Amino acid sequence: MTEKLLISLTVNGERHDDLVVESRHTLVDVLRHRLGLTGTHAGCEHGVCGACTVLLDGAPARACLIFAAQAEGQEIRTVESLAGGGEMNDLQRAFSAHHALQCGFCTPGFLMLAEGFLTERPDATRAEIRELVSASLCRCTGYQTIVDAIEDCARGRRREVGEVR
Amino acid sequence: MSWVGRSAARREDPRLLTGNGRFVDDIRLPRMLHAQFVRSTIAHGTVTGVDLSGTLAVPGVVAAFTAGDLAVDDITAVLDRPLSEFVPTAMPVLARDRVRFVGEPIAIVLAEDPYSVEDGLEAVRVTYEAGMPVLSEEQALAPGAPLVHAAAAGNTLVDVSMFATEGIDDIFAAAHRVVYVRSRTGRQNAVPLETRGAVASWDPRAEQLLVQTCTQVPHQVRTVLAECLGLGERAVRVVVPDMGGGFGQKCVVGREEIAVGAAALRLRRPVKWIEDRRDALTASFLAREQRYDVRAAFDAGGRILALDADVVCDMGAYSCYPFTAGIEPLMASAELPGVYRVPAYRVRGRAVTTNKAPSAPYRGVSRPQIVMVMERVFERAARELGLDPVEIRRRNLITEFPYAGINDVTYDPGSYLESLNLCEQMIREEGWYERQEQAAAEGRFLGIGYSCFSERTGYGSGAFAKRKMAVVPGFDLAEITMDLTGGVTVTTGTMSHGQSHETTLAQIVADRLGLDLAQIKIHQGDTDRITYGFGTFASRSATIGGSAVARAATKLADRLLRLGAYLLETDDVELHDGHVRRRDDHGRALRYRDLAGIAYLKANLLPKDAEPGLTASASFDVHGDGTFSNAAHGAVVELHPGTGRVEFLRYVCVEDCGVAINPQVVEGQCRGGIAQGIAGALFEEVTYDAQGEPSCASFIDYKVPTANEIPDIEIRHLETPCAFTESGAKGAGEGGTIGAPAAVLNAVNDALRPTGVELDDTPIRPETVQRAIGANA
């Protein structure tokens, strides 16, 4: 149970070498308590609530269902990577503008879920976004404003791409 | 333009969106230990032995304590009522010998890391002598039932007959029609996404126990910590970081919060406890399991003549602090008549104790049920009397205010009729009645349901004293200080856990001082920073906390005006945009920072009678019956015969919470509240097997609805300002949850009309819908 492993993790573009972890240590625990990246939250530790969602090589994943050692060699992205130079990104701004968060505990998970999804599916419809949002739990908002925020962000990104073209 | 009434961007958002919030589990202290609890595996019985030797041998485990080791006092919540009405029972911090529910804490294990503590738990050996569990109100009230608490005969903790109008039996005997509703609601978990948790540490320099915990009621946690641990209150400091929801589950004092305090004192090391989801679902505080037997007398015109109710609430194993097991039956008894003109009323409200995790307040407290029951009463009466269900409500709604209710409550003005009319109009104009006819012709089950209700908010000491609570929550305090840079820090006794108080309270202050939100800092959740407070529950914060904050800001404004008048050599000054200026000459003005500079650094320039510094404090209480928000909900559902699914086609809400300080925040409270109401109506129920083992230990077994189940909700606002809160606001935190179950249940029954089946219980399970349709298909 307490077998120790020496691993290295790449989180938000930064490499953390010489991490001594137990094989049973989950990625969410190592991110939060070893690397101090407490923006990722643990809400259920059985993969249902989605508060711990991070990106692994760009794809949303539940950090409570993955051992830290399994994430070696993958690019890990957490909520701390979204804002650049102290400025919130368009997704974060959309969440604020639409009141898509109240207590904010589930929010980092929804942000990373949406960030990964919109990269894959920039043209997602509202129905598809609602389906996506149903992957995680929020107890405060009733979800409508989360869907609104992601839809608004997607629209904005499409507009930007259109302008570049 | 005023700040109040504006959907100002939330001050909380940037930190929460960037991962910079700080929740309890984000706190890490040097030499910190991690705690978890050995919990009872049986529902009822005696602990005959606790063997911790194996645990202490587990690598990483530092200590383990039973009740005997820690020797702390019990948590006891009481009412000021005679024994015939209320039986006090103690909740030990750790079970001594008796255990009363699966999940009850028996011992605390402490280890160097959270993984080792789990290893330690596995090595504990507890032996029991199992007794017969009591698992329902029927079992609890049955003659000869085993007793959960020896002191509570008949397993009854509360038995209060709050009202009994003289001659009510004659009214029933002579009535044109008597309608019966028997309704049950399932046990629920409030499910804040952040589970409970605390970090306790002894500060030898301050000679204080610091407990950082996610609670809605920091001062009440301080009081119980001091009582149980034998400390002076000044030797305890409770600090609340960001909170991931609460919804009532965190407005009572948890025994685990006390146990970690005791362990930290004993070991002189910081101790962290983070409840895992299994414990949160099985061993935390629950709510809502109630049974109603109601009769209502009507005349031929559909006017209600009398209401007679018997209410039994299954409060689980213990009374919660400070509300006691009376929280649900007393709320139900006091508020059942609701928005209707009920001329005669009789009610008996009981709390029974069972071998299940104890109940605490949960968003709405009994009002989701009483509204559901009353709305069922009117729907049934409408059917039996051949009246339109909306019309029968119109004939009975309170329309003249103030209205002195039969329930000894005076209702302040609201828009009961207007909200119902607008709600029905929205549904009608969108063509749902035509679509319903069309669906019926196609053999589909489409239903339209309404609920119409008010929600008492701003419960002050007057209202809670009527309930005869020994701890009478009610007033709140606020302190405001202007600093040398001309901004202010406001400290409140309320405790936001998602409700946006850092924004809405700042909006109230901004208007009174002519400041921008960026110049206002709201402080909450630190018992060392404000003398006292009752925290956040019962939709009290905007009304009571907000009014205290408004009064403190007004006092500070007065000080600024007086100081400005003295320095500007006139009596005619005003505040404007961070300045005090002469009304007759706007060019002669002093910036707030200039005034602060004098008040703090050049006190020699102050008038002789003026105190240095720029601080003001105020309190606010409601001595009357509080203020009533109101709303009407309209739901359109379609039932799917194959799966039993209840699909929402439309959901509208017309709400009136007086002056909306921040309309976007109000809408957020409505939508989130409705989602929790729908959850109770259709999805969530905590169940137990025949031995009292909880059947819901994960989110697989306890169905919290997702975006697939919760529909988009359209909200319209009406505004009947409160006459006595400083901002005109009424509370908005609970209404959504209160109104939704009734609207959903009525809509489902409307859809089931062709089958003849009527449902009165929640949650409405898919198999119930299948059965109702299948039997008639």
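Owing to the predicted nature of the structure, the values given are computational and were not obtained by experimental measurement. As a basis for the values below, the full set of heavy atoms in this structure was taken, side chains included, without hydrogen atoms, waters or symmetry mates. We name chains A, B, ... by the order of the sequence lines, and we start the count at 1 in each one.
Using cut-offs of 30° and 60° for the angle between ring planes, the B:F23 and A:H41 rings count as perpendicular.
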Give the intermediate values and the outcome of side-chain contact (heavy atoms from CB on, under 4.5 Å) for residues B:Y115 and A:T26. CA-CA 10 Å; B:Y115 288 77; A:T26 61; 3.5 Å; yes

B:R278 vs A:E45, test: side-chain contact (heavy atoms from CB on, under 4.5 Å). Steps then yes/no. CA-CA 9 Å; B:R278 186 189 61 178; A:E45 295 178 295; over 6 Å; no

Does the side-chain contact (heavy atoms from CB on, under 4.5 Å) test come out yes or no for B:L193 and A:C49, once each step is laid out? CA-CA 8 Å; B:L193 247 281; A:C49 82; 3.8 Å; yes

A:L101 and B:R10: side-chain contact (heavy atoms from CB on, under 4.5 Å), yes or no, with the steps? CA-CA 10 Å; A:L101 68 156; B:R10 293 209 320 162; 3.7 Å; yes

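For the options B:P192, B:P711, B:G244, heavy-atom pairs under 4.5 Å to chain A are most numerous at B:G244. Most heavy-atom pairs under 4.5 Å with chain A, from the set B:N708, B:D13, B:L16, B:L17: that is B:L17. When B:E709, B:H497, B:R28 are compared by the number of non-hydrogen pairs under 4.5 Å with chain A, B:R28 comes out ahead. Considering only heavy-atom pairs separated by less than 4.5 Å from chain A, the leading option among B:P114, B:G736, B:P705 is B:P705. Counting heavy-atom pairs closer than 4.5 Å to chain B, the top-ranked of the candidates A:C106, A:S96, A:G104, A:G39 is A:S96. Ranked by non-hydrogen atom pairs under 4.5 Å with chain B, the options A:T107, A:L111, A:D148, A:L82 are led by A:L111. For the set A:T145, A:T141, A:V133, the count of heavy-atom pairs under 4.5 angstrom toward chain B peaks at A:T141.
Of all heavy-atom pairs spanning B:T18 and A:A83, the tightest one is CG2-CB, 4.0 Å. B:D25 approaches A:H33 most closely through the heavy-atom pair O-CE1, 3.3 Å. Among all heavy-atom pairs drawn from B:P14 and A:M88, the shortest one is CA-SD, 4.0 Å. Between B:G245 and A:C103, the shortest heavy-atom contact is N-CB, 3.4 Å.
Proximity to chain B (any heavy atom under 4.5 Å) is shown, for A:H99, by both the backbone and the side chain. Only the side chain of B:S500 comes within less than 4.5 Å of a heavy atom in chain A; its backbone stays farther off. The contact between A:D29 and chain B is made entirely by side chain atoms (from C-beta outward), counting heavy-atom distances below 4.5 Å. In this structure, chain A has a heavy atom under 4.5 Å from the side chain of B:A679, while its backbone stays farther away. Proximity to chain B (any heavy atom under 4.5 Å) is shown, for A:R130, by both the backbone and the side chain. The contact between B:R671 and chain A is made by backbone and side chain atoms together, counting heavy-atom distances below 4.5 Å. For a residue to count as touching a neighbouring chain, one of its non-hydrogen atoms must lie under 4.5 Å from one of that chain's; by this rule A:L137 touches chain B with backbone and side chain alike. Both the backbone and the side chain of B:I713 come within less than 4.5 Å of a heavy atom in chain A. Residue B:D242 does not touch chain A at all, counting heavy-atom pairs closer than 4.5 Å. Neither the backbone nor the side chain of B:I674 comes within less than 4.5 Å of any heavy atom of chain A. Looking at A:Y143, the atoms closer than 4.5 Å to chain B (heavy atoms on both sides) all sit in the side chain, from C-beta outward.
Applying the side chain to side chain donor-acceptor pair (under 3.5 Å) criterion to A:Q74, with sequence neighbours excluded, gives no partner residue.
In this structure, the side chain of B:Q664 engages the main chain of A:A97 through a donor-acceptor pair within 3.5 Å. Between the side chain of B:Q676 and the backbone N or O of A:R139 there is at least one donor-acceptor pair closer than 3.5 Å.
Using a 4.5 Å heavy-atom threshold, the side chains of A:R126 and B:D712 count as touching. By the 4.5 Å heavy-atom criterion applied to side chains, A:Q102 and B:Q669 are counted as neighbours.
In this structure, B:R22 places its CZ atom where only 12 or fewer heavy-atom neighbours from other residues, nucleotides or ligands lie under 6.0 Å away.
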